[in-house]
K.L.:
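Here's a structure for you.
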Number of protein chains: 2
Amino acid sequence: MADLRRKTGPSRPLGELTEALRRGERRVTGPRLAILQVLREHRRPLSNKEVLALLPQGYCDLATVYRSMHLLRRLGLVQRFDVGDGVARHELRDAGHDGHHHHLVCRRCAQVVAIDCCLLEEVERELSRHSGYQALQHRLEFTGICPDCQQR
Amino acid sequence: MADLRRKTGPSRPLGELTEALRRGERRVTGPRLAILQVLREHRRPLSNKEVLALLPQGYCDLATVYRSMHLLRRLGLVQRFDVGDGVARHELRDAGHDGHHHHLVCRRCAQVVAIDCCLLEEVERELSRHSGYQALQHRLEFTGICPDCQQR
DNA sequence: TCGGGAGTTGCAAACGATTGGCAGTAGAAT
DNA sequence: ATTCTACTGCCAATCGTTTGCAACTCCCGA
């Protein structure tokens, strides 16, 4: 099996991100740029509250973070993840990569390891053939106890 | 690849379920029995609201369904599923089977197909070796458009 | 069969994440 | 600079889920 750990690719330049906004007939605003900047600096799944906390003090409203994240997802700039705790998280997609990947999350400290390769494309094809379902997608997240936490 | 579709196994007899309750030093009450009965009759992931609606009119409180479902999960009688819409669903586990399986859900009508075999045990072993994480678990759900919905 | 105490329940209020309304603000095209 | 809208802040509403508390009931022992 290939190495499962993921080498994080280059972050898209901000210009390319704002370009995507314009293409979608959306405006490039202060809050959106700031949120993109936070996502560029922290390449791991962030909740909207975390994003807000990482922005300059009182910079924008939580509702704006939610709305921006919806937009960024529609434009394909971020990917959403659910770990099952009822909180949605988002991560910036890599340039030149469809961004699809999975995570291994520590159940104690929430440390995250990204998993590069997706092993389920073949499975999806088979599943589609057997079930008749089309346009298959999947969500897959692993949890475990990370090395640090094992020693406590 | 083996047939991915799942042949639903025999449902545990109610007696075995109440036995599990007693073993856990928990009481066999009316609401709990009724909830188990609903889960036995509908072998697919049900939200707590759906369970409540399937109970006799005004039979018990939604809070009781939530509390019972927590208990049943702790006792290992039900498995929890997340499709990503922010609503937890539960399904009764089969007898003599650890109950671990996945689903293929239609994004339009929410029809569910259960997938019997789990293909990720080998992946988990490799992942554990590479990452150092232990006690790995995973959550995996597929979505797609079911044959009926494709024709509309 | 009859208490009695611990586990359960119903009800309502509390909670946390997310969404919606609305009036004021600010991109960006002209 | 003007103007048209998209966007934002503020706040209330919504939704799934949890919790506090008093009343209730299951179940064991007498």
Side-chain angles (χ1 to χ4, degrees), chain A residues 14-15 17-38 45-75 77-78 80-91 110, chain B residues 14-15 17-38 45-75 77-78 80-91 110:
Chain A
L14 257 191
L17 298 173
T18 61
E19 194 45 48
L21 280 175
R22 288 186 220 281
R23 261 200 310 280
E25 295 174 27
R26 297 314 167 100
R27 293 182 182 161
V28 178
T29 67
R32 288 178 184 171
L33 278 180
I35 289 168
L36 279 171
Q37 198 54 51
V38 165
L46 294 176
S47 70
N48 287 333
K49 273 198 172 171
E50 287 176 307
V51 170
L52 182 66
L54 289 167
L55 287 170
Q57 178 73 298
Y59 186 78
C60 83
D61 194 81
L62 182 58
T64 298
V65 178
Y66 272 95
R67 287 188 277 231
S68 297
M69 221 55 95
H70 276 291
L71 173 62
L72 295 179
R73 191 147 71 107
R74 275 202 302 282
L75 295 178
L77 295 179
V78 304
R80 171 180 165 155
F81 295 97
D82 291 274
V83 188
D85 62 352
V87 184
R89 282 163 237 263
H90 295 86
E91 189 176 339
Chain B
L14 257 193
L17 298 173
T18 61
E19 192 46 46
L21 279 175
R22 287 187 221 282
R23 262 200 310 279
E25 297 173 24
R26 297 313 167 100
R27 293 184 180 160
V28 178
T29 67
R32 289 179 183 171
L33 279 180
I35 290 168
L36 279 171
Q37 197 57 49
V38 165
L46 294 176
S47 70
N48 287 332
K49 272 198 173 170
E50 287 176 307
V51 169
L52 184 64
L54 289 167
L55 288 170
Q57 177 75 298
Y59 186 77
C60 83
D61 194 80
L62 181 58
T64 297
V65 178
Y66 272 95
R67 285 189 276 233
S68 296
M69 221 55 94
H70 275 291
L71 173 62
L72 295 178
R73 191 148 72 107
R74 274 203 301 283
L75 295 177
L77 296 179
V78 305
R80 170 180 165 154
F81 294 98
D82 291 273
V83 187
D85 62 353
V87 184
R89 282 160 235 264
H90 295 86
E91 188 176 341

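Just so you know, these numbers come straight off a predicted model, no measurement behind them.
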K.L.:
Below the 4.0 Å mark, does dG7(C) have OP1 or OP2 next to a side-chain nitrogen or oxygen of Arg32(B)?
P.N.:
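Looking at the OP1 and OP2 atoms of dG7(C), neither is under 4.0 Å from any side-chain N or O of Arg32(B).
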K.L.:
Rounding to a whole Å, what distance do you find between His90(B):NE2 and dG16(D):P?
P.N.:
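Spelled out: NE2 on His90(B) to P on dG16(D) is 15 Å.
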K.L.:
Leu52(B) CG to dG16(D) C1': how many Å, rounded?
P.N.:
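Answer to the nearest Å: 13 Å.
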K.L.:
Both Lys49(B) and Val65(A) contact DNA chain D. Which one's nearest nucleotide lies toward the 5' end?
P.N.:
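Nearest-nucleotide comparison on DNA chain D picks Val65(A).
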K.L.:
Check the interface with nucleotides 18-21 of chain D: list each N/O to N/O pair with the protein under 3.5 Å, or write none.
P.N.:
| residue | atom | partner | partner atom | Å |
| --- | --- | --- | --- | --- |
| dT18(D) | OP1 | His70(B) | NE2 | 3.2 |
| dT18(D) | OP2 | His70(B) | NE2 | 2.9 |
| dG20(D) | O6 | Arg67(B) | NH1 | 3.3 |

K.L.:
Can you tell if the side chain of Arg32(A) reaches within under 4.5 Å of the side chain of Thr18(A), non-hydrogen atoms only?
P.N.:
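Heavy-atom side-chain distance check fails, nothing below 4.5 Å.
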K.L.:
Do you know the tightest heavy-atom contact between Glu50(B) and Pro45(B)?
P.N.:
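Minimum heavy-atom separation between Glu50(B) and Pro45(B): OE1-O, 4.0 Å.
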K.L.:
Taking CG from Leu36(A) and P from dC7(D), how many angstroms apart are they, rounded to a whole number?
P.N.:
13 Å
K.L.:
For nucleotides 27-30 of chain D, give me every protein contact, N/O to N/O, under 3.5 Å, one pair per line with atom names.
P.N.:
| residue | atom | partner | partner atom | Å |
| --- | --- | --- | --- | --- |
| dC27(D) | OP1 | Arg22(B) | NH1 | 3.3 |
| dC27(D) | OP1 | Val28(B) | N | 3.1 |

K.L.:
Using side chain to side chain contact (heavy atoms under 4.5 Å, CB included), reason through Leu55(A) and Gln37(A) one step at a time and then give a plain yes or no.
P.N.:
CA-CA 9 Å; Leu55(A) 287 170; Gln37(A) 198 54 51; over 6 Å; no
K.L.:
Do you know which two heavy atoms are closest between Ala34(B) and Tyr59(B), and how far apart they sit?
P.N.:
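Nearest pair, atom of Ala34(B) first, then Tyr59(B): CB-CE2, 3.6 Å.
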K.L.:
Find the distance Met69(A):CE to dC7(D):C1' and express it as a whole number of Å.
P.N.:
16 Å
K.L.:
Can you check the Tyr59(B) OH to dC11(C) C1' distance for me, whole Å?
P.N.:
18 Å
K.L.:
Testing Leu52(A), Ile35(A), Val38(A) for side-chain contact (heavy atoms from CB on, under 4.5 Å) with Leu46(A), which one passes?
P.N.:
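Answer to the side-chain contact (heavy atoms from CB on, under 4.5 Å) test with Leu46(A) among Leu52(A), Ile35(A), Val38(A): Val38(A).
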K.L.:
May I have the distance from Asp85(B) (atom CG) to dG16(D) (atom P), rounded to whole angstrom?
P.N.:
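To the nearest whole Å, that distance equals 9 Å.
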K.L.:
Provide, to the nearest angstrom, the distance between the CG atom belonging to Leu33(B) and the P atom belonging to dT25(D).
P.N.:
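Atom CG in Leu33(B) sits about 15 Å away from atom P in dT25(D).
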K.L.:
Taking all atoms of both residues into account, what is the closest heavy-atom pair of Ser47(B) and Arg89(B), and its distance?
P.N.:
N-CG, 3.6 Å
K.L.:
Side-chain atoms of residues 65-75 of chain B: list all donor-acceptor pairs with protein atoms under 3.5 Å, sequence neighbours left out, distances to 0.1 Å.
P.N.:
| residue | atom | partner | partner atom | Å |
| --- | --- | --- | --- | --- |
| Ser68(B) | OG | Thr64(B) | O | 2.8 |

K.L.:
For residues Asp82(A) and Asp82(B), determine if any side-chain heavy atom of one lies less than 4.5 Å from a side-chain heavy atom of the other.
P.N.:
no
K.L.:
Between His90(B) and Asn48(B), which heavy-atom pair has the shortest distance, and what is it?
P.N.:
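Reported closest heavy-atom pair: ND1-OD1, 4.0 Å.
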K.L.:
May I have the distance from Arg89(A) (atom CZ) to dA17(C) (atom P), rounded to whole angstrom?
P.N.:
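Rounded to whole Å, this separation is 10 Å.
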K.L.:
Under 4.0 Å from OP1 or OP2 of dG9(D): is there any side-chain N or O of Thr64(A) that close?
P.N.:
yes
